[in-house]
Amino acid sequence: MVAEILNTTATVLRGTASNQFGDIIDAPVPLVTGVPVFLAETGKTVQDPASPTPRTIRQIICHVPAYLGLVNTDRILDEGTGDVYIIIGVTHPATLTGAPVDVVLDLKRITAQTA
């Protein structure tokens, strides 16, 4: 189904590494590249309720093919913009026919916005 509505391609990043201080960090290890995805902003919040600092928090969804087997520790790299997203939630919608359907991801961008 994604191939019918795709608006970009993505690379799935998986894995961790240790930095010079021994802390675990995300490693930019590509699991799969060139995946057709549908990525869209579904809304935004202008104020973060956790702090008085004004900020824009965007809600982003991503439809990916079911065969990828993504987990919530993976990251999505939008190959069109270069933005990297963390996966907040993974939803496997129900199907009436038993055919595989797209997995819906709730994302949060973790790369800085460039001007």
Side-chain angles (χ1 to χ4, degrees):
M1 296 293 279
V2 173
E4 298 159 357
I5 60 170
L6 82 97
N7 61 1
T8 190
T9 56
T11 297
V12 177
L13 305 172
R14 184 178 285 177
T16 58
S18 297
N19 65 8
Q20 67 269 23
F21 305 108
D23 298 325
I24 302 294
I25 59 171
D26 291 331
V29 178
L31 178 67
V32 64
T33 61
V35 178
V37 299
F38 172 72
L39 199 89
E41 182 177 324
T42 59
K44 69 178 181 176
T45 305
V46 177
Q47 179 66 37
D48 181 6
S51 76
T53 307
R55 51 183 93 225
T56 301
I57 301 169
R58 302 180 188 281
Q59 292 90 35
I60 300 164
I61 62 163
C62 182
H63 291 249
V64 299
Y67 64 80
L68 288 177
L70 296 179
V71 294
N72 63 358
T73 55
D74 293 336
R75 293 162 322 280
I76 303 293
L77 167 67
D78 182 349
E79 294 174 353
T81 64
D83 289 331
V84 177
Y85 301 88
I86 58 171
I87 299 173
I88 303 296
V90 179
T91 304
H92 298 275
T95 176
L96 295 173
T97 62
V101 295
D102 297 336
V103 174
V104 180
L105 308 174
D106 297 312
L107 303 178
K108 181 177 180 182
R109 190 179 69 204
I110 58 173
T111 52
Q113 184 170 352
T114 58

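Annotation: salt bridge (charged side-chain N to carboxylate O under 4.0 Å, His left out) contacts of Asp106 (sequence neighbours excluded): none. By the side-chain contact (heavy atoms from CB on, under 4.5 Å) test, Thr81 is found to be paired with Asp78, Asp83, residues two or more places apart in sequence or in another chain being considered. Under the salt bridge (charged side-chain N to carboxylate O under 4.0 Å, His left out) criterion, Glu41 pairs with Arg58, sequence neighbours left out.
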List the atom pairs, with distances to 0.1 Å, where a side-chain N or O of residues 18-38 and a protein N or O form a donor-acceptor pair under 3.5 Å, not counting sequence neighbours.
unit_1	atom_1	unit_2	atom_2	d
Asn19	OD1	Phe21	N	3.0
Asn19	OD1	Gly22	N	3.1
Asn19	OD1	Asp23	N	2.9

Distance-only criterion, 3.5 Å: show the donor-acceptor pairs between side-chain atoms of residues 90-99 and protein atoms not counting sequence neighbours.
unit_1	atom_1	unit_2	atom_2	d
Thr95	OG1	Thr97	N	3.4
Thr95	OG1	Ala99	O	3.3
Thr97	OG1	Ala99	N	3.3

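Taking the side chain as every heavy atom from C-beta outward, Leu68 and Val103 never approach each other to under 4.5 Å.
Of the listed residues (Val104, Leu105, Val101), just one forms a side-chain contact (heavy atoms from CB on, under 4.5 Å) with His63, and that residue is Val104.
Here the shortest heavy-atom pairing between Arg75 and Arg14 reads NH2-N, 4.1 Å.
The hydrophobic cluster containing Val84 also includes Leu13, Leu77, Ile86, Ile88, Ile110, under a criterion of side-chain heavy atoms closer than 4.5 Å among ILVMFWY residues, counted directly or through chains of members.
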Exercise. Can you list the steps and then say if Thr8 with Glu79 is a side chain to side chain donor-acceptor pair (under 3.5 Å)?
Worked result: CA-CA 7 Å; Thr8 190; Glu79 294 174 353; over 6 Å; no

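One distance of note links CD1 of Ile61 with CG of Leu39; it measures 8.5 Å at 0.5 Å rounding.
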